Amino acid sequence: MKNILEQTYIMRKWAFVSTFICLLSACHTKDPKPTGITADIRDSIYFYSKELYLWTTQLPDRNSFLPLTYPSGEAVINKVRTYSPLNGKGQHEDRFSFVMHQTDWDNIEAGTEADFGVGFKLASSTDLRINYAYAQSSAGKQGVTRGWRVLHINGVEGSAKNAAALNSALAQNTVTIGFQKPDGTQQSLTLHTDAYQTNPVLSHKILTVGNRKVGYVLFNTFLGNTAVQELQTTFNEFKAQDINELVVDLRYNGGGRTDIMESFANLLVPANALGKVMYKMQWNDKYASENRTITFANTPSGFNFSRIVFITTRGTASASELLINSLRPYMNVKLIGDTTVGKPVGFPVVPIQMSKSNPAENYVVAAVAFKNVNADNYGDYYDGLPVDKAVADDLTKDFGDPEEACLRQALTYLETGNMRIGSEGQSARISAAEARELRAANQQLDHSRKGLYYQMR
């Protein structure tokens, strides 16, 4: 299994990189050489967007768009988004195209963060919790884990009404946070925005349900240099323990690289899908030569799951959704938690060199350039993938705890084959207005650097 995973990852990674090189070197019959484009970053962002954008026919020409009239590169890409169609919620289907400094992107892709190393999420309007922590971060090294209650940050009470003040406090490089642990004891810690390597597999366990062994894995990002190795190690352990069932927790996974997703998918797919279509990548008409059909590996992974349960939330997006959608034609896939973001599209991340002497002045631009569909040609989930069972994210329990609400429901389903109708937990108790308030406040409190990339707003 080790060789299968590593070989698939390496092969797809280089194919992915080669596509970018091909695009940048104009190896198409269409010559993308710009006319009238200046050295200004705003012009460059417009040019690459006009070339690659999935909805390029909707983008006006440069003389009508006037990129140099916008105050920044970010403003240009935000305007580009508005030329995409509207989804069923009245949102533009493109909420994802972005531009950022090259150094920031390099760190994100490598899984090197420079934040506090934890996620903050409101369980209710007066209950702020830690929803995850990376082991090598400032928080992780001091023992902070999921479920700790945040009483105050720099003296500001942890509540929805203080979201703006908390947001300002978290924008600093150092914060002092008062915690209450699950055992009721309190502790004050100072956290720093130190650089650290993420550990995408935040938790994995083997649980017993009846006479079945259930593997549980929380995979938090499809980015990072260690992602494939961590998956490999986890599934080697699952194989050694001869698990029968699987729960994949993607509740905070906003996506990342498709080559890592493909490696993961090859571990999960049953034998009847070997060598068959995983997904298809569809570019705009100008770049139709880049259309690709990606297939599952021909070599069995050693597992033969007939069903998988995924735990999802409104933070589950992109490669996470692609993984779920790619498996659906071949196996019984169930979703528990909340509807996903709705990102069936992707992009090449194109470098724009503005300065040879100062790398900090260089950028990358990523304009939505292709749509992904599965073997059944389905990919229109711009409104998100709906769940089979709505269950609130139980922030009072750690990952892998069989009493955590989402995992408890997953285990119940795997044991009985049934799900009770209706929603469970907090989502069944709070009003729609409070849910909207919490969602808006939680978005403000996302201070991970990858939040710049996911752009789930």
Side-chain angles (χ1 to χ4, degrees), residues 72 74 98 100-101 103-104 107-108 111-199 202 220-221 251-252 254 313-315 393-396 398-399 426 430 433-457:
S72 65
E74 289 79 5
F98 68 88
M100 68 168 62
H101 286 285
T103 50
D104 284 334
N107 286 326
I108 289 170
T112 305
E113 296 284 354
D115 52 39
F116 300 117
V118 292
F120 299 89
K121 189 175 182 181
L122 286 154
S124 73
S125 59
T126 59
D127 187 359
L128 180 61
R129 298 272 177 162
I130 296 298
N131 59 346
Y132 67 86
Y134 285 116
Q136 296 303 313
S137 68
S138 173
K141 288 179 178 178
Q142 297 184 72
V144 179
T145 62
R146 174 181 169 86
W148 285 25
R149 186 172 182 177
V150 178
L151 302 176
H152 52 79
I153 301 176
N154 284 358
V156 180
E157 180 187 20
S159 63
K161 68 179 181 180
N162 295 328
L166 293 168
N167 186 53
S168 296
L170 290 172
Q172 308 303 311
N173 291 327
T174 301
V175 293
T176 299
I177 302 180
F179 293 105
Q180 180 176 298
K181 300 179 184 180
D183 63 4
T185 62
Q186 295 185 8
Q187 183 177 5
S188 181
L189 295 174
T190 298
L191 305 185
H192 305 277
T193 56
D194 299 329
Y196 63 93
Q197 179 69 45
T198 59
N199 52 299
L202 286 181
N220 209 42
T221 176
R251 71 182 75 192
Y252 307 134
T313 68
R314 294 178 186 271
D393 187 8
D394 184 357
L395 296 166
T396 66
D398 203 353
F399 298 126
Q426 177 200 42
I430 66 175
E434 185 177 359
R436 287 193 296 270
E437 177 190 23
L438 290 179
R439 192 172 302 125
N442 283 326
Q443 286 176 346
Q444 288 192 63
L445 297 174
D446 179 9
H447 278 260
S448 64
R449 181 161 52 199
K450 61 179 178 291
L452 295 169
Y453 165 56
Y454 297 142
Q455 305 271 345
M456 303 307 174
R457 297 295 183 264

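Predicted model only: the values in this text are computed from it and were never measured.
None of Asn131, Leu128, Val150, Leu395 except one satisfies the side-chain contact (heavy atoms from CB on, under 4.5 Å) rule with Leu122; the exception is Leu128. Here the rule is side-chain hydrogen bond (donor to acceptor under 3.5 Å, both in side chains) with Tyr252, and of Thr221, Asn220, Asp393 only Asp393 fits it.
When all heavy atoms of Thr193 and Gln172 are compared, the pair lying nearest together is CG2-O, 3.9 Å. Closest approach of Asn162 and Glu157 over heavy atoms only: ND2-O, 3.1 Å. Nearest heavy-atom pair across Val118 and Ala133 is CG1-CB, 3.6 Å. Taking all atoms of both residues into account, the shortest heavy-atom contact from Gly117 to Tyr196 is CA-OH, 3.3 Å. Nearest heavy-atom pair, Val175 versus Ala169, reported as atom, atom and distance to 0.1 Å: CG1-O, 3.1 Å. Summarising the geometry of Ser138 relative to Thr190, their closest heavy-atom pair is OG-O, 4.2 Å, with the distance given to 0.1 Å.
Side-chain atoms of Lys181 and Gln186, non-hydrogen and from C-beta on, never get closer than 4.5 Å to each other. For the pair Phe120 and Leu166, the minimum side-chain heavy-atom distance is 4.5 Å or more.
The NE2 atom of His152 sits 11.0 Å away from the CD atom of Gln180 when rounded to the nearest 0.5 Å. Atom CG of Asp194 is separated from atom OG of Ser137 by 9.0 Å, given to the nearest 0.5 angstrom. Between the CZ atom of Arg251 and the CG atom of Asp394 there is a distance of 8.0 Å, given to the nearest 0.5 Å. One distance of note links CD1 of Ile177 with CD1 of Ile153; it measures 4.5 Å at 0.5 Å rounding. How far CD1 of Ile108 is from CE of Met100: 4.0 Å, rounded to the nearest 0.5 Å. Interatomic distance, Asn107 CG to Gln197 CD, rounded to the nearest 0.5 Å: 10.0 Å.
Classification of the Trp148-Phe179 ring pair by plane angle, with boundaries at 30° and 60°, yields perpendicular.
With Asn154 contributing its side chain and Thr176 its backbone, the two residues share a donor-acceptor pair below 3.5 Å. Of the possible donor and acceptor atoms, one in the side chain of Arg129 sits under 3.5 Å from a partner among the backbone N and O of Gly147.
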Show the numbers, then the answer: is there a side-chain contact (heavy atoms from CB on, under 4.5 Å) between Asp127 and Arg149?
CA-CA 7 Å; Asp127 187 359; Arg149 186 172 182 177; 3.3 Å; yes
